[in-house]
There are 2 protein chains.
Amino acid sequence: MNATVPFHDLAASVAPASGPFAGLGAGATRDDTRYRLVRAAIGVFAKQGYHGASTREICERAGANSAAIHYHFGDKAALYQALFQLPMQQILEVSRWMDDAALPRTDRLRHFYRGMLSVLGCDEVSRQLMLLHAREQVEPSGVLGSTQTQAIRPYHDRLTLLLCREFKLTAPDEALHALAFAMVGLGTIYFLVRPEVEAFAPGLLATPEAREVLVERSALFGAALIEAEQRRRGAL
Amino acid sequence: MNATVPFHDLAASVAPASGPFAGLGAGATRDDTRYRLVRAAIGVFAKQGYHGASTREICERAGANSAAIHYHFGDKAALYQALFQLPMQQILEVSRWMDDAALPRTDRLRHFYRGMLSVLGCDEVSRQLMLLHAREQVEPSGVLGSTQTQAIRPYHDRLTLLLCREFKLTAPDEALHALAFAMVGLGTIYFLVRPEVEAFAPGLLATPEAREVLVERSALFGAALIEAEQRRRGAL
DNA sequence: GCACATTTCAAGCGCTTGTTTGAATTGTCG
DNA sequence: CGACAATTCAAACAAGCGCTTGAAATGTGC
């Protein structure tokens with residue numbers, strides 16, 4: 001219809017570079033309006049939630065016109081979805097830990113929980129991005145499909161696979177799934193109720209050293225869970 | 001100004017009866033518009049979130065006029081706040097478990113996790129109500145005061161108190177707080193990522209019997225954490 | 001039946017929302 | 001420069017929002 005065809009529906013598939021903001025679209029550089037919109041959107045969505053956030057505020061923060069979202073992404077929902085395309089370094093980190101079967105179990109657990117808790121120490125934008133993912137669990141905005149469940153699946157699968165090796169099982173049974181969820185819960189809780197953690201036990205997450213201590217403890221706890229499950233299976 | 005003074009600002013303090021819907025206001029019966037509004041509001045807020053929910057939809061679901069909220073509660077925020085006045089049976093249940101110091105530790109842990117996981121098995125309205133509380137943790141709507149959002153505090157305090165007794169400490173240190181959060185995380189995860197739990201391991205939460213098995217397992221895991229921490233302290 | 005308080009109602013208020021439009025601006029290549 | 005595409009802009013759109021209004025309906029005590 002119009003002569004000016006919006007850029008976004010042509011180039012959405014191209015992933016130009018690496019880094020936390022790769023996959024923004026085609027050749028997005030750090031001063032792009034598109035980049036600034038994403039940046040601002042993360043902050044506003046993290047603060048207000050999907051419904052509570054207004055496109056005007058996002059554009060204002062990005063120093064762009066209120067029509068910018070429509071031009072670059074199509075609409076509010078598409079912008080929100082674009083945020084969930086951004087790769088999350090921390091999660092990628094998690095995927096590395098268990099591939100090294102040579103490492104002793106304690107070390108692998110350490111890597112596992114370090115990958116998990118590293119979120120707590122990284123820059124605010126990444127934390128906000130993580131928060132958006134967590135929030136979609138509790139309050140699906142409705143604009144994301146079942147992508148969320150699918151996003152977690154590979155990580156859960158990898159964890160259960162490793163546990164299968166540990167328990168010499170060919171396929172995970174329900175008890176193993178329960179164990180896997182418990183192990184994830186150990187680390188997730190610090191992220192989920194972070195304000196409370198900081199209120200009740202300040203200093204637990206304050207410094208990188210403190211977080212490393214927490215990694216150590218979580219690894220210990222994780223090992224205790226595995227051993228408890230091993231004892232339970234042996235006692236049957 | 002007007003001759004018709006809304007009822008809600010007179011009688012908001014009266015708590016007429018017991019049960020899950022006590023404290024609705026003055027003498028709310030099950031066919032009251034007020035009752036139906038609360039009922040509908042729980043569903044809509046749970047589905048859409050505070051910002052996403054519309055007062056019109058709530059009223060429509062309640063079979064009431066769009067002005068009903070204003071008349072009975074004042075405004076949308078007050079209605080939302082009223083939901084958080086509703087007592088939640090499950091949480092009350094949790095508070096019972098540790099008062100009985102005579103019970104062996106395993107039993108107390110069982111009660112602890114049963115209280116936690118019982119939410120998963122109760123009626124949908126209670127679950128939705130629980131969801132609203134959980135959501136306020138991750139995404140504060142902004143209309144609740146800080147007293148209502150810090151609902152976790154007493155339970156965390158009680159748990160640490162019990163752990164103090166277990167470890168013969170006069171006051172919790174950071175390691176004990178970490179242990180307490182880990183123990184809570186064990187049970188919270190099933191609630192937090194429930195869709196994933198049901199997708200990856202269907203049947204884990206399906207029946208009351210399955211949930212009781214999960215309670216047993218969680219108690220086992222909780223005990224394992226405590227013992228691991230005891231070993232750690234002994235090894236220092 | 002009457003007077004009165006309580007509750008419900010249809011209608012619409014002002015406002016913000018997400019989105020659209022067409023023109024103005026900027027960048028780019030010949 | 002001049003032609004053309006890519007981008008930005010101010011302005012306004014329709015729709016939905018929370019909330020208000022004044023009257024109609026309903027219940028209540030005499």
Side-chain angles (χ1 to χ4, degrees), chain A residues 1-12 14 24-29 31-38 40-41 44-45 47-82 141-143, chain B residues 1-12 14 24-29 31-38 40-41 44-45 47-82 141-143:
Chain A
M1 239 176 243
N2 203 346
T4 49
V5 178
F7 190 59
H8 67 270
D9 49 61
L10 301 173
V14 191
L24 271 179
T29 63
D31 280 337
D32 257 343
T33 301
R34 193 185 173 89
Y35 170 83
R36 293 201 319 272
L37 278 175
V38 167
V44 177
F45 280 131
K47 197 184 66 179
Q48 318 257 51
Y50 177 75
H51 291 290
S54 91
T55 56
R56 276 183 172 80
E57 182 179 352
I58 293 173
C59 291
E60 196 173 335
R61 255 206 220 187
N65 190 267
S66 7
I69 288 181
H70 166 253
Y71 179 75
H72 285 281
F73 296 92
D75 58 3
K76 181 186 182 181
L79 168 60
Y80 188 70
Q81 285 163 350
S141 59
V143 305
Chain B
M1 236 176 241
N2 203 344
T4 48
V5 179
F7 190 59
H8 68 270
D9 49 63
L10 301 173
V14 191
L24 272 180
T29 63
D31 282 337
D32 259 0
T33 301
R34 193 185 174 90
Y35 171 83
R36 293 200 319 275
L37 278 175
V38 167
V44 177
F45 280 132
K47 196 184 66 179
Q48 318 256 46
Y50 176 76
H51 291 290
S54 90
T55 56
R56 276 182 172 81
E57 183 179 351
I58 293 173
C59 291
E60 197 173 334
R61 255 208 221 187
N65 189 267
S66 10
I69 287 181
H70 166 253
Y71 179 74
H72 285 282
F73 296 92
D75 59 2
K76 181 185 182 182
L79 168 59
Y80 188 69
Q81 285 163 350
S141 60
V143 305

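Computation of the quantities below employed the complete heavy-atom set of this structure, encompassing side-chain atoms and omitting hydrogens, waters and symmetry-equivalent molecules.
- The phosphate of D:dC17 has neither OP1 nor OP2 within less than 4.0 Å of any side-chain N or O from B:H51.
- Following rounding to the nearest Å, B:R36 (CZ) and C:dT7 (P) show an atom-to-atom distance of 13 Å.
- Interatomic distance, B:I58 CD1 to B:I69 CD1, rounded to the nearest 0.5 Å: 4.5 Å.
- Taking the six-membered ring where the residue is Trp, B:Y80 and B:F45 present perpendicular rings, their angle passing 60° and hence far from 30°.
- Ranking D:dA10, C:dA10, D:dC19 by closeness to the A:A67 side chain, first place goes to D:dA10.
- B:N65 has its CG atom 14 Å from the C1' atom of D:dG18, to the nearest Å.
- The nearest whole Å value for the distance from the CZ atom in A:F73 to the P atom in C:dT20 is 16 Å.
- Between A:F45 atom CZ and C:dG18 atom P the separation is 8 Å, expressed in whole Å.
- Under 4.0 angstrom from either OP1 or OP2 of D:dA10 there lies no side-chain N or O belonging to A:S66.
- In this structure, of D:dG18, C:dG18, D:dT8, it is C:dG18 that holds the atom nearest to the side chain of A:T55.
- Within the nucleic acid shown, B:A53 comes within 4.0 Å of sugar-phosphate atoms alone, with no base atom in reach, counting heavy atoms only.
- Residue A:E60 contributes atom CD, which lies 17 Å from atom P of D:dT8 at whole-angstrom precision.
- Look at B:S54 and you won't find any side-chain N or O under 4.0 angstrom from OP1 or OP2 of D:dG16.
- With contacts defined as side-chain heavy-atom distances shorter than 4.5 Å, the pair B:H51/A:Y50 does not qualify.
- Put simply, CD1 on B:I58 is 11 Å from C1' on D:dG18, counting in whole angstrom units.
- For D:dT8, the OP1/OP2 oxygens have no side-chain nitrogen or oxygen of A:H70 closer than 4.0 Å.
- In this structure, B:Y71 atom OH and D:dT26 atom C1' are separated by 11 Å, rounded to whole Å.
- Across all strands, B:A77 comes closer than 4.0 Å to no nucleic acid atom at all (heavy-atom distances).
- Atom P of nucleotide C:dC13 and atom CG of B:D75 are separated by 22 Å, given to the nearest angstrom.
- Within the 4.5 Å cutoff, no side-chain heavy atoms of A:C59 are placed close to those of A:N65.
- Of the candidates D:dG18, C:dA10, D:dT7, D:dG18 carries the atom nearest the B:K76 side chain, counting heavy atoms from C-beta on.
- In terms of heavy atoms, A:A40 sits closest to A:R61 at CB-CB, 3.8 Å.
- Between the side chain of B:R56 and the base of D:dG16 there is no donor-acceptor pair of N/O atoms closer than 3.5 Å.
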